[in-house]
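Each chain gets a letter, A, B and so on, in the order the sequences are listed, and its residues count up from 1.
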Number of protein chains: 2
Amino acid sequence: MREFVKVNEAIEDYLKTIYNIQDEHGKVSTTMLAKQMNIAPSSATGMIKKLARLNLVTYEPYRGIQLTSHGRKVALEVLRHHRLIELYLVEALGMRWDEVHHEAEKLEHVISKSLIERIDSYLGHPAVDPHGAPIPDRHGKVESTPGVKLADLKSGQCGVVSEVNDRDSEMLRYLAELGIFPNARIKVLNIAPFQGPMSISIEGEERLIWIELAKSIFVKLLPENTEGCRDNQQKNKNVSDNL
Amino acid sequence: MREFVKVNEAIEDYLKTIYNIQDEHGKVSTTMLAKQMNIAPSSATGMIKKLARLNLVTYEPYRGIQLTSHGRKVALEVLRHHRLIELYLVEALGMRWDEVHHEAEKLEHVISKSLIERIDSYLGHPAVDPHGAPIPDRHGKVESTPGVKLADLKSGQCGVVSEVNDRDSEMLRYLAELGIFPNARIKVLNIAPFQGPMSISIEGEERLIWIELAKSIFVKLLPENTEGCRDNQQKNKNVSDNL
DNA sequence: TCTCATTTTTAGGTGCACCTAAATCCAGTT
DNA sequence: AACTGGATTTAGGTGCACCTAAAAATGAGA
Ligand SMILES: [Mn+2]
Ligand SMILES: [Mn+2]
Ligand SMILES: [Mn+2]
Ligand SMILES: [Mn+2]
């Protein structure tokens, strides 16, 4: 039950990935972990054993894994680093939102506590990163804003974009082109059957997006009689500058 | 003679260290390298062979090593990263000059070309880092400002501090207390014999410093009849804010 | 020219994070 | 209850950057 395990970059990346899978799918299997991390399943098994030995996950062979509270804490620290760094790079250095994930992926492991706190202060203790993901606080508290997939809306429904997947930078560039970023208002006009494209309206513009893409976009549903749901004006000023 | 070798963190640190030793002592021996890097001499031999295989150094067993032009280029890139990062952390995030070396030591290896250029622009393409070390430009050009060790001045001589060693953060805190940083004017009042302390005047204040410490401080010699050499006023505003 | 302390290399490890191939387990049919 | 395909673990590697101990080369002084 030792509190201070020395955690290296590999361990941090595993824990972060485990956290994300657990967050999205509930349970974490060896194969899912291996797939996300682009390693062979046997490599994942090896590392899982190590994480279990370090009390960072609980592991029952063949039954999957779960973060311990300590493992969760470490994961949230890394996530905090990642998201603060992303936002800092956008806000302070004018990087594009499709560049910062890759950069943060490395920086998150090497930045000191002291530097991360300075960045947090500089940004005014922000709540979300440039892609809408919540930033855990210094003590490991996060408010997970669930939201629904845009793909799950019915035609006629409206939502405010809350978060988009940040891993695919080509996709992010495309979304920016469409005007889709956190706080943008979207109305679903029409959904073609059989996995067809979805027709939506953003800022008055009608657009077609592939249904698979709509699964990477999370929105907060708005009541259908909302004023904004009719005319789709959109007051987002946050990220739109940096595209 | 391939131009694009994949260079990892270990290699970068070796090349940087080799560059520094070469800069200071002319030639680079296995033992000196091992000592600087805190590794066993046999480990250095191993890595040297690898660097030679990659055409980053020339190596004749038992005779020491030398950077190739390609190795030198990589070393200067890392040094550029290191120094720009140090300055950025001081200027943009208000870190103290004794904190930034440690931080830069990690960041230098993981920051992208694109980010480093943004940092360089933000800072206005600066010439020196917070400790007075010259920053190589994007193409690997450096102006090595030689300067002399403060320890080598005779009593009565004056100089402007050009650079201080940045590795020992305790020393840097002490120097800041004394008012010694780049651009500070120093007059040597008296030198006690037999490695004794040196009495100097900084900003009108008289101070005693250990001769060993004076070997880590580089100055540009001023003619003895310089106006500033008499009254020691000092107009430095750069780094003095961040102590 | 020989001697010997110092420098440097060689020999033979270690732990780490990964791999492929081969076993083994598991769960949902038949 | 036996079968079977997919998931998972085990077995046996690799390359990397480090280590200690031992051997070999160097070069400065006798
Ligand atoms: Mn990472
Ligand atoms: Mn993000
Ligand atoms: Mn380094
Ligand atoms: Mn420096």
Given [options], identify the nucleotide with an atom nearest to the side chain of [X].
| X | options | answer |
| --- | --- | --- |
| A:Ile39 | D:dC19, C:dT20, C:dC18 | C:dC18 |
| A:Tyr14 | C:dC18, C:dT10, D:dC19 | C:dC18 |
| A:Met47 | C:dC18, D:dC19, D:dA11 | C:dC18 |
| A:Ala10 | D:dA17, C:dA17, C:dT10 | C:dA17 |

Here the salt bridge (charged side-chain N to carboxylate O under 4.0 Å, His left out) pairs for residues 112-121 of chain A, sequence neighbours left out, are A:Arg80-A:Glu117, A:Arg80-A:Asp120, A:Glu117-A:Arg138, A:Arg118-B:Glu99
Rounded to whole Å, how long is the line connecting atom [atom1] of [X] with atom [atom2] of [N]?
| X | N | atom1 | atom2 | result |
| --- | --- | --- | --- | --- |
| B:Ile65 | C:dT7 | CD1 | P | 16 Å |
| A:Met37 | C:dC19 | CE | C1' | 15 Å |
| B:Asn38 | D:dC19 | CG | C1' | 14 Å |
| B:Met32 | C:dT7 | CE | P | 10 Å |
| A:Leu51 | C:dC16 | CG | P | 12 Å |
| B:Ile48 | D:dC18 | CD1 | C1' | 14 Å |
| A:His25 | D:dA7 | NE2 | P | 14 Å |
| B:Arg53 | D:dA17 | CZ | C1' | 13 Å |

What is the nucleic acid contact for B:Lys35, judged by heavy atoms within less than 4.0 Å: base, sugar-phosphate only, or nothing?
-> nothing
Stepwise side-chain hydrogen bond (donor to acceptor under 3.5 Å, both in side chains) check, A:Arg72 with A:Gln66 = CA-CA 9 Å; A:Arg72 190 184 135 89; A:Gln66 245 188 307; over 6 Å; no
Taking only nitrogen or oxygen atoms into account, show me every contact under 3.5 Å that the protein makes with nucleotides 1-4 of chain D, one pair per line with its distance.
none

Before giving the answer on side-chain hydrogen bond (donor to acceptor under 3.5 Å, both in side chains), spell out for B:Glu103 and A:Ser112 the whole-Å C-alpha distance, their side-chain angles and the decisive distance to 0.1 Å.
-> CA-CA 7 Å; B:Glu103 198 85 35; A:Ser112 72; 2.6 Å; yes
Please name all residues satisfying side chain to side chain contact (heavy atoms under 4.5 Å, CB included) with B:Thr45, sequence neighbours left out, ordered by chain then number.
-> B:Thr30, B:Lys49, B:Tyr59
Of all residues at least two apart in sequence or in a different chain, which pass the ring pair (Phe, Tyr, Trp, His ring centres under 6.0 Å) check with [X]?
| X | result |
| --- | --- |
| B:Tyr122 | B:Tyr88 |
| B:His81 | none |
| B:Phe218 | none |

Can you tell me if [X] touches the phosphate of [N], counting only side-chain N or O atoms and a distance under 4.0 Å to OP1 or OP2?
| X | N | value |
| --- | --- | --- |
| A:Thr45 | D:dT9 | yes |
| B:Lys49 | C:dT9 | no |
| A:Thr30 | D:dT9 | yes |
| A:Ser43 | C:dC19 | yes |

Provide a list of protein-nucleic acid N or O atom pairs under 3.5 angstrom, restricted to nucleotides 2-4 of chain C.
none

Tell me every residue that passes side chain to side chain donor-acceptor pair (under 3.5 Å) with [X], counting only those two or more places apart in sequence or in another chain.
| X | answer |
| --- | --- |
| A:Arg53 | none |
| B:Lys215 | B:Glu212 |
| A:Glu77 | none |

Find every protein N or O atom lying less than 3.5 Å from an N or O atom of nucleotides 25-28 of chain D, and list the pairs.
unit_1	atom_1	unit_2	atom_2	d
D:dA25	O4'	B:Tyr62	OH	3.4
D:dT26	O3'	B:Arg63	NH2	3.2
D:dG27	OP1	B:Arg63	NH2	3.1
D:dG27	OP2	B:Arg63	NH2	3.0

Salt-bridge test for B:Glu108 and B:Arg83: reply yes if a basic N is under 4.0 Å from a carboxylate O, no otherwise.
-> no
Considering heavy-atom distances to DNA chain C, does A:Lys6 or A:Pro41 have its closest nucleotide positioned more toward the 5' end?
-> A:Lys6
Per the atom types in the model, does the base of C:dT7 pair as donor or acceptor with the side chain of B:Ser29 at under 3.5 Å?
-> no
B:His101 ring center within less than 6.0 Å of B:His131 ring center = no
List for me each residue that meets salt bridge (charged side-chain N to carboxylate O under 4.0 Å, His left out) alongside B:Arg173, sequence neighbours excluded, and say none if there are none.
-> B:Asp98
